[in-house]
Protein chains: 2
Amino acid sequence: MALTLKAMTYFTTALRHGNIAKAAAELNIAASAISAAIDQVEAEFDLTLVTRQRARGIQANASGRAVARKCIRLLDDYQSLLSEGGELKQSLSGTLRIGYYAPIAPAFLPQIFDAFLPEGTNVTLELEECDNDQAQDGLMNGKYDAILFVAEDARPAIAYDPLIEAHPYCLLPVAHPLARQSVVSMADLAQEPLVVLNRPVAAAYYDGLFRTGARDAPVAAYATSTEMVRSLVAAGRGCAILNMCPRTSETYSGEKVVARPISDDLAPLTLAVGYDKTRPRRSVQDFVNACRSHFAKSGPARCVVGR
Amino acid sequence: MALTLKAMTYFTTALRHGNIAKAAAELNIAASAISAAIDQVEAEFDLTLVTRQRARGIQANASGRAVARKCIRLLDDYQSLLSEGGELKQSLSGTLRIGYYAPIAPAFLPQIFDAFLPEGTNVTLELEECDNDQAQDGLMNGKYDAILFVAEDARPAIAYDPLIEAHPYCLLPVAHPLARQSVVSMADLAQEPLVVLNRPVAAAYYDGLFRTGARDAPVAAYATSTEMVRSLVAAGRGCAILNMCPRTSETYSGEKVVARPISDDLAPLTLAVGYDKTRPRRSVQDFVNACRSHFAKSGPARCVVGR
DNA sequence: AAACAACATCAGAAAATCAGAGGTATCGAT
DNA sequence: ATCGATACCTCTGATTTTCTGATGTTGTTT
């Protein structure tokens with residue numbers, strides 16, 4: 001690897017000028033460095049490529065010109081490698097891979113994408129629903145560019161921006177008596193059968209919520225998907241406590257549910273976006289920014305139920 | 001130019017192994033060098049390309065794999081540049097450009113080419129007739145790979161191998177009285193009209209030859225080509241003194257000439273092959289060798305007239 | 001002959017590279 | 001839970017490479 005890109009650059013520049021001194025001036029280095037580079041190239045091929053005529057500059061012979069052509073080609077390829085690499089960082093094109101532990105992400109993610117992906121950008125989205133740990137694994141090993149996850153369960157190595165604190169709320173069938181209240185309390189719920197979202201982080205969280213308040217009624221159902229929880233609630237199976245909520249009150253089953261804030265001071269869950277903060281690709285950074293500004297606004301698009 | 005070929009090599013090797021230590025072993029360098037190279041590549045693109053998981057090696061993310069692909073491509077191109085360069089030196093293919101100041105070169109060059117160019121080699125010959133100075137210029141500035149020229153007029157910078165000493169001989173019409181002698185002397189020629197080859201080096205040389213011996217007869221003709229001299233001689237215009245001679249006694253005019261050695265001790269001209277001795281391409285070296293062995297043999301193929 | 005232009009060479013300085021030691025995180029087995 | 005193996009990171013000093021600037025040489029031009 002004696003023939004470095006630098007040597008090739010010097011070599012081709014010198015040939016282009018036909019003059020070592022001029023090349024040195026252009027490259028802002030000493031002429032001797034150019035001369036040495038030419039020596040290197042010749043040594044590498046063990047060929048005389050250039051005739052050096054004192055007081056008349058240098059001139060490449062046929063072999064020299066052939067080598068120079070190839071070198072120029074390689075340097076061009078190198079430049080395009082660099083700029084393509086730059087585009088990897090700069091451009092919005094490419095693939096944006098997002099893992100999310102946020103079952104109601106469909107409620108807001110499309111809107112976020114709309115905000116930072118103008119029409120015509122050819123970004124391919126890869127969206128993968130997963131649990132909090134998988135998301136963090138995926139972020140660390142490069143599977144995901146960014147993750148939406150619950151910050152309370154964040155590992156120290158994960159860099160993230162909090163997006164929103166989602167306080168738990170109560171999901172009720174429309175016909176439920178509590179639905180007539182604008183706010184419900186944990187005490188209100190003590191008698192209610194519950195439909196519990198049984199997902200890694202969520203299960204422990206809900207468990208924590210109820211450890212304080214006494215529970216009389218049994219758990220009516222465990223479900224591993226948010227929509228199942230919602231549909232069970234809509235069908236009157238019980239109430240549920242959730243943190244984020246879609247923008248529709250209608251469930252897959254066609255029936256409706258009602259969301260009511262909880263008056264008790266319960267620990268919220270923080271939705272956060274995790275990503276590589278040290279060197280984010282532009283599209284990743286844009287996505288993060290879009291997430292932040294999305295949740296910075298108030299309104300139903302934030303998918304939380306305020307007290 | 002922070003991203004060197006070396007760094008790319010280390011980077012791609014590390015990714016291929018998914019393991020810095022293994023890559024270091026393969027490349028016979030310290031692991032820290034690999035790690036530094038990866039840092040360099042990432043810094044160059046200002047992107048995280050690799051996730052380093054202690055005790056589990058390294059893993060490229062999508063960007064890393066993309067960059068690696070491009071790097072591998074570039075390194076391949078680099079390798080082929082090197083090997084093509086090697087072929088420039090090694091192979092017999094390519095172009096062999098020869099300038100010659102030897103008007104009778106057609107008498108022997110084809111035979112020389114036969115000797116070192118086996119059938120099927122795709123060497124393109126570029127043969128250019130020129131004068132001694134042009135030949136040397138062309139050799140120095142890379143226009144010619146090798147030159148056939150007169151060594152007496154060689155510049156110090158030109159490296160050459162003498163091929164043959166060509167003593168002057170006398171060219172006579174077949175019907176000329178002197179043609180009956182097996183040898184002629186300068187004195188014999190003093191009375192004869194001369195046909196003089198009027199070419200840069202030759203003119204001075206012949207001038208020198210006659211400065212010593214007295215000349216009575218005028219110069220019958222000056223001609224700038226050997227064949228014209230021969231034809232003029234054949235036509236009886238006069239005699240000529242030349243150094244090398246073709247293998248035919250017939251001239252373009254269809255008439256014949258006779259060559260006779262000169263008994264006087266006159267300075268010969270040395271036919272030499274000039275070339276770049278420091279780094280000859282293989283085909284050039286082969287050509288030179290073929291020239292030497294051609295003129296090392298005795299016989300009419302040497303194109304001289306012996307006493 | 002003198003002035004000028006341009007490459008060659010060399011020594012020392014600056015920079016890059018590398019090896020090796022020591023440290024730390026992770027995983028798996030005990 | 002602890003220990004050992006693995007594998008990456010960081011730091012330091014040595015080595016190698018590269019560069020500069022001065023000086024020398026050569027060839028051209030006036």
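Reminder, nothing fancy here: chain letters follow the sequence lines and each chain counts from 1.
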Quiz item: From D/dC11, D/dC8, C/dC7, pick the nucleotide closest to the side chain of A/I20?
Solution: C/dC7
Quiz item: So what does B/N28 hit on the nucleic acid, given a heavy-atom distance under 4.0 Å: a base, only sugar-phosphate, or nothing?
Solution: sugar-phosphate
Quiz prompt | Nucleotide nearest A/A55 when distance is taken to its side chain, options D/dC9, C/dT9, D/dG27 | solution = D/dG27
Self-check item: Options D/dC19, C/dC10, D/dT10, nucleotide nearest the side-chain atoms of B/S32
Solution: D/dT10
Practice problem: Using only side-chain N and O atoms of A/Y10, determine if any of them is under 4.0 Å from OP1 or OP2 of D/dC19. | Solution: yes
Quiz item: Does a nitrogen or oxygen in the side chain of A/N19 sit under 4.0 Å from OP1 or OP2 of C/dC7?
Solution: yes
Quiz prompt | Minimum-distance nucleotide (side-chain atoms of B/K6 versus C/dT17, D/dA7, D/dC9) | solution = C/dT17
Quiz item: Taking CG from B/L5 and C1' from C/dA16, how many angstroms apart are they, rounded to a whole number?
Solution: 15 Å
Quiz item: Between B/L74 and A/Y78, which heavy-atom pair has the shortest distance, and what is it?
Solution: CD1-N, 3.6 Å
Quiz item: If only atom types and distance count, is the side chain of B/K277 paired as donor or acceptor with the main-chain N or O of B/Y160 below 3.5 Å?
Solution: yes
Self-check item: CZ/A/R16: more than 12 non-hydrogen atoms of other groups inside 6.0 Å
Solution: yes
Quiz prompt | Check: B/E26 side chain, B/T13 main-chain N or O, donor-acceptor pair, under 3.5 Å | solution = no
Exercise. Rounded off to whole Å, could you give me the CD-to-C1' distance for the A/E42 and C/dA8 pair?
Key: 13 Å
Quiz item: In whole angstroms, how far is the P atom of C/dT17 from the CG atom of B/D39?
Solution: 12 Å
Exercise. Indicate whether OP1 or OP2 belonging to C/dC27 is found under 4.0 Å from a side-chain N or O atom of B/R56.
Key: yes
Quiz item: Can you tell which of C/dG20, D/dT18, D/dT20 lies closest to the side chain of A/Q40?
Solution: D/dT18
Quiz item: Does A/S35 get its side chain close enough to the base of C/dA8, under 3.5 Å, for a donor-acceptor pair?
Solution: no
Quiz item: Would the number of heavy atoms belonging to other residues, nucleotides or ligands and lying under 6.0 Å from CZ of B/R155 be above 12?
Solution: yes
Quiz item: Checking A/N61 side chain against A/T48 main chain: does a donor-acceptor pair fall under 3.5 Å?
Solution: yes
Quiz item: Given atom CD of B/E26 and atom C1' of D/dA7, what is their separation to the nearest angstrom?
Solution: 17 Å
Quiz item: A/I58 CD1 to C/dA5 P: how many Å, rounded?
Solution: 18 Å
Quiz item: Of the candidate nucleotides C/dT17, C/dA8, D/dT20, which contains the atom at the shortest distance from the side chain of A/A33?
Solution: D/dT20
Quiz item: What is the distance from CG of B/L49 to P of D/dC8, rounded to the nearest Å?
Solution: 16 Å
Quiz item: For B/M140 and D/dT28, what is the distance between atoms CE and C1' respectively, to the nearest whole Å?
Solution: 13 Å
Quiz item: According to a strict under-4.0 Å criterion, is A/R52 in side-chain N/O contact with OP1 or OP2 of C/dA8?
Solution: yes
Quiz item: So which one's nearest nucleotide on DNA chain D is more toward 5', A/A30 or A/Q53?
Solution: A/A30
Quiz prompt | Spacing of B/I34 atom CD1 relative to C/dA16 atom C1', expressed in whole Å | solution = 16 Å
Practice problem: Look at the side chain of B/I29 and decide which nucleotide, out of C/dT17, D/dC8, C/dA19, has an atom nearest to it. | Solution: C/dA19
